[in-house]
Amino acid sequence: MFDIKHGLEILKSYIQNAPEKPGVYRMLDENNVVLYVGKAKNIKKRIVNYSHINHLPLRLQRMVSQIRKMEFIIVENEAKALLMENELIKQLEPKYNILLKDDKTFPHLVIDVESEYPALRKFRGKRNDKSKYFGPFASIGAVNSVVDILQKTFLLRSCRDSVFAHRDRPCLLYQIKRCSAPCVARISQESYRALVQDAIDFLEGKNTKIQEEFSKLMHEASQNLDFETAMFYRDRIRALTNVQSGNLVEYADIKSTDIVALARKGDMVCIQVFFIRSGQNCGNVPYFPKQAEDADDAEILEAFLSSFYNQHLPPKEIVVSENLTNKDFLENALNAKINTYSRGNKYKLVCNALENAKAAIERKLAMETSVKVNLEEMVRVFQLNKIPERIEVYDNSHIQGAYAIGAMIVATPEGFDKKQYRTFNIKNSQITNDDFAMMKEVLTRRFQKMTPENRPDVILLDGGLGQLHAVYDALKSFDLTGIHIIAISKGPDRNAGKEFYHQIGKDSFSLPFQSPIAFYMQNIRDEAHRFAIGTHRKHRAKSVYKSRLDEIDGIGAKRKRDLLNAFGSVEEIVQASIKEIMKVSGISKKTAEKIYNYFHS
């Protein structure tokens with residue numbers, strides 16, 4: 001049992017001089033390690049709550065017992081306090097704070113309304129207030145489905161401005177009736193602006209008026225025997241109807257709301273976020289906060305909202321599944337209403353989000369159980385000294401020595417950790433046809449930057465005994481204590497499932513065909529192969545495009561820059577006509593013909 005008396009005395013001594021202003025407070029232990037970072041509208045009133053020790057959960061009682069020092073930072077308002085708290089939590093990762101791993105950026109749709117002919121585009125990143133933004137969408141798939149509908153219905157251009165400015169004939173999207181071709185004046189600016197406004201109205205949930213207008217135009221065209229135009233409006237009405245029929249009635253009156261619900265099972269907590277915009281469900285995302293086992297639901301949810309909306313723009317309303325203690329503070333800081341409901345459509349949506357959160361927990365538990373079983377079997381089969389927390393898998397990729405890269409992926413008991421993936425451009429051009437030497441270079445560079453935090457338990461090599469001995473030779477000057485190195489080579493006729501496994505000092509063997517552990521080892525090996533091949537192809541494509549421009553006589557650095565600025569990419573230059581190329585500053589007819597002939601000879 002912990003001794004709370006001393007920590008409580010220190011806490012009370014700091015309360016006496018604590019500021020009665022908005023800000024952030026930090027609690028530190030005897031080694032000056034930060035235990036907890038918190039925010040408050042009134043710091044003094046907030047930390048007084050920690051002195052009521054009998055009202056605190058066991059987790060916070062334990063924290064108070066360890067307090068040896070406190071620090072305060074005064075800020076201007078609640079929003080600044082929220083921002084500073086999040087920055088400190090990310091930087092320090094205090095033991096008693098609930099941590100959210102949120103590295104997602106959500107895609108949006110944007111219409112640059114101030115442009116002469118506004119374009120519809122997918123978007124991630126920093127906003128420009130002069131454009132119209134719609135979202136967020138939970139996935140790029142959700143964005144693509146909406147873009148598909150908008151292209152069929154409103155015929156807005158999606159091309160880059162540089163391409164738009166240099167076209168002299170319609171592109172393929174016009175031919176398949178997904179663009180109105182404003183680039184070559186197939187539609188007037190006034191009519192195109194009307195399409196843009198229709199699209200904005202649709203994205204803002206004003207669908208009925210649009211359908212009524214389309215219906216009227218369809219009947220007029222039909223009466224005038226203009227059946228092609230009538231079919232055009234019919235297809236646009238169908239696209240809108242398909243969208244509306246896929247929406248729940250509960251979404252109909254919701255303009256800008258996030259539904260946030262928390263569920264737990266044992267020590268696992270899941271928070272499910274649904275994005276509802278303009279009467280449409282833009283998708284949902286599950287989160288699994290860390291260090292939340294001993295905290296109550298309201299505390300976890302409040303910590304989540306603080307962290308999540310520090311990274312993402314809050315909607316007008318946030319509907320939550322729990323009543324929050326510091327609701328007023330968060331509303332002021334986020335400039336959004338935070339509500340709970342016990343009946344009505346929004347309550348139904350919270351219940352739906354709760355069911356999704358529970359299902360996400362079940363899926364995660366099932367996945368982790370499966371991985372745990374495989375890792376336990378891996379310990380037995382490969383005679384490891386413990387269940388591996390970090391498995392690094394390595395593979396190389398090249399074409400006859402060209403564009404050579406090495407790739408590393410990381411597998412953990414929680415699955416693949418893609419933030420830890422790394423690629424290595426092979427620096428020694430003399431070894432790019434030698435897989436053994438390439439593997440030695442990659443592993444040497446990796447171990448030179450190894451820290452206690454990223455030290456692997458297992459290294460898995462895509463290769464046979466040759467790669468295994470090459471890696472041991474490369475790493476003989478490093479401390480390999482506790483690190484198991486395994487090589488996996490193709491089986492007879494390169495048959496997946498009949499691979500051989502190699503370890504120094506042990507006989508090679510294969511795993512039972514189609515056994516769970518065999519599938520697991522193949523899966524993590526294949527993930528490294530997929531990552532290596534994907535990176536290699538990107539490097540090769542980039543290099544090919546660059547070299548094709550370099551090889552055109554008379555095209556120096558300035559002309560290359562002007563061409564790429566005008567067209568956006570080499571692919572667009574390849575598709576351009578001589579007239580389009582001549583529109584680029586400094587490109588004569590003769591030079592344009594040279595460029596065109598180079599790509600089309």
State, to 0.1 Å, how close Asn326 and Arg46 come at their nearest heavy-atom pair, and which atoms those are. ND2-NE, 4.4 Å
Within this structure, what is the CG-OH distance for the pair Leu375 and Tyr520, rounded to the nearest 0.5 Å? 4.5 Å
By salt bridge (charged side-chain N to carboxylate O under 4.0 Å, His left out) - contacts of Glu299 (at least two apart): Arg59
Check: Lys358 side chain, Ala263 main-chain N or O, donor-acceptor pair, under 3.5 Å: no
Between Arg277 (side chain only) and Gly135 (backbone N and O only), is there a donor and an acceptor less than 3.5 Å apart? yes
Value rounded to 0.5 Å, distance of CG in Leu88 from CZ in Arg26: 5.5 Å
Is Asp148 salt-bridged to Arg178, going by a charged N under 4.0 Å from an acidic O? yes
With side chains defined as the heavy atoms from C-beta onward, is the minimum distance between Arg157 and Leu173 less than 4.5 Å? no
Checking the side chain of Ser306 only, and the main-chain atoms of Glu302 only, is there a donor and an acceptor separated by less than 3.5 Å? yes
Derivation and outcome, side chain to side chain contact (heavy atoms under 4.5 Å, CB included), residues Val146 and Phe137: CA-CA 10 Å; Val146 173; Phe137 294 85; 3.8 Å; yes
Is the closest side-chain heavy-atom distance between Pro94 and Leu35 below 4.5 Å? no
dist His52:NE2 -> Leu60:CG (nearest 0.5 Å) comes out at 14.0 Å
Do Asn97 and Leu92 have side-chain heavy atoms sitting under 4.5 Å apart? no
Any Cys282 side-chain heavy atom under 4.5 Å of Val143 side chain: no
Please answer whether the main-chain N or O of Leu82 pairs with a side-chain N or O of Asn86 as donor and acceptor at a distance below 3.5 Å. yes
The test is side-chain hydrogen bond (donor to acceptor under 3.5 Å, both in side chains); show your working for Glu527 and Asn523 and say whether it passes. CA-CA 6 Å; Glu527 171 67 4; Asn523 184 37; over 6 Å; no
For atom CG of Asn144, decide whether the heavy atoms of other residues, nucleotides or ligands shown that lie under 6.0 angstrom number more than 12. yes
Aromatic ring pairing Phe275/Phe106, orientation class (parallel under 30°, perpendicular over 60°, tilted between): perpendicular
Minimum side-chain heavy-atom gap Glu392-Gln420 below 4.5 Å: no
Could you tell me which non-hydrogen atom of Lys327 sits nearest to which non-hydrogen atom of Ile338, and how far apart they are? CE-O, 2.8 Å
Quick test of your reading: applying ring-ring contact (aromatic ring centres under 6.0 Å, His included), list the pairs with at least one residue in residues 322-362, sequence neighbours left out, ordered by first then second residue. none
Can you list the steps and then say if Met27 with Tyr96 is a side chain to side chain contact (heavy atoms under 4.5 Å, CB included)? CA-CA 10 Å; Met27 298 174 173; Tyr96 290 98; over 6 Å; no
So which heavy atom on Ile361 is nearest to which on Arg264, and how close? CD1-CA, 3.7 Å
Mind jotting down which residue pairs meet the salt bridge (charged side-chain N to carboxylate O under 4.0 Å, His left out) criterion with at least one end in residues 81-99? Sequence neighbours excluded, please. Lys39-Glu85
Val273 side chain near Phe304 side chain, heavy-atom distance below 4.5 Å: yes
Sequence neighbours excluded, the answer for salt bridge (charged side-chain N to carboxylate O under 4.0 Å, His left out) partners of Arg124 is none
Measure the CG-CD distance between Leu262 and Glu322 for me, rounded to the nearest 0.5 Å. 6.5 Å
If you compare all heavy atoms of Glu76 against all heavy atoms of Pro22, which two are closest, and at what distance to 0.1 Å? O-CG, 3.8 Å
Measure from the side-chain N and O atoms of Asn454 to the backbone N and O of Thr451, and report whether any donor-acceptor pair falls under 3.5 Å. yes
Check against side chain to side chain contact (heavy atoms under 4.5 Å, CB included), Val393 and His529: CA-CA 9 Å; Val393 191; His529 188 64; over 6 Å; no
Excluding sequence neighbours, so at least two apart, what forms salt bridge (charged side-chain N to carboxylate O under 4.0 Å, His left out) with Glu368? Lys364
Interatomic spacing from CD1 in Ile200 to CG in Leu150 - rounded to 0.5 Å: 11.0 Å
Decide side chain to side chain contact (heavy atoms under 4.5 Å, CB included) for Ile318 and Leu330; before the verdict, give the C-alpha distance in whole Å, the side-chain angles of both, and the deciding distance to 0.1 Å. CA-CA 11 Å; Ile318 303 167; Leu330 280 173; over 6 Å; no
State yes or no: are the ring centers of His484 and Phe382 separated by less than 6.0 Å? no
Do Tyr36 and Tyr50 have side-chain heavy atoms sitting under 4.5 Å apart? yes
When you check the gap from the basic side-chain N to the acidic O, do Asp258 and Lys316 get nearer than 4.0 Å? no
Keeping Asp112 on the side-chain end and Ala119 on the backbone end, is there a donor-acceptor pair under 3.5 Å? yes
What one should report as the nearest heavy-atom pair of Arg455 and Arg390 is O-CD, 3.8 Å
Assess whether side-chain hydrogen bond (donor to acceptor under 3.5 Å, both in side chains) is satisfied between Gln66 and Asp29, documenting all intermediate values. CA-CA 5 Å; Gln66 298 175 37; Asp29 67 10; over 6 Å; no
Would you call the rings of His312 and Phe308 parallel, tilted or perpendicular if under 30° counts as parallel and over 60° as perpendicular? tilted
With sequence neighbours left out, the residues meeting salt bridge (charged side-chain N to carboxylate O under 4.0 Å, His left out) with Glu389 are none
To check you understand the geometry: which heavy-atom pair defines the closest contact between Ser180 and Leu195, and what is its length? OG-CD1, 4.0 Å
Just how far is it from atom CD of Gln522 to atom CG of Leu511, taken to the nearest 0.5 Å? 8.5 Å
Less than 4.5 Å apart, any side-chain heavy atom of Thr257 and any of Pro315? no
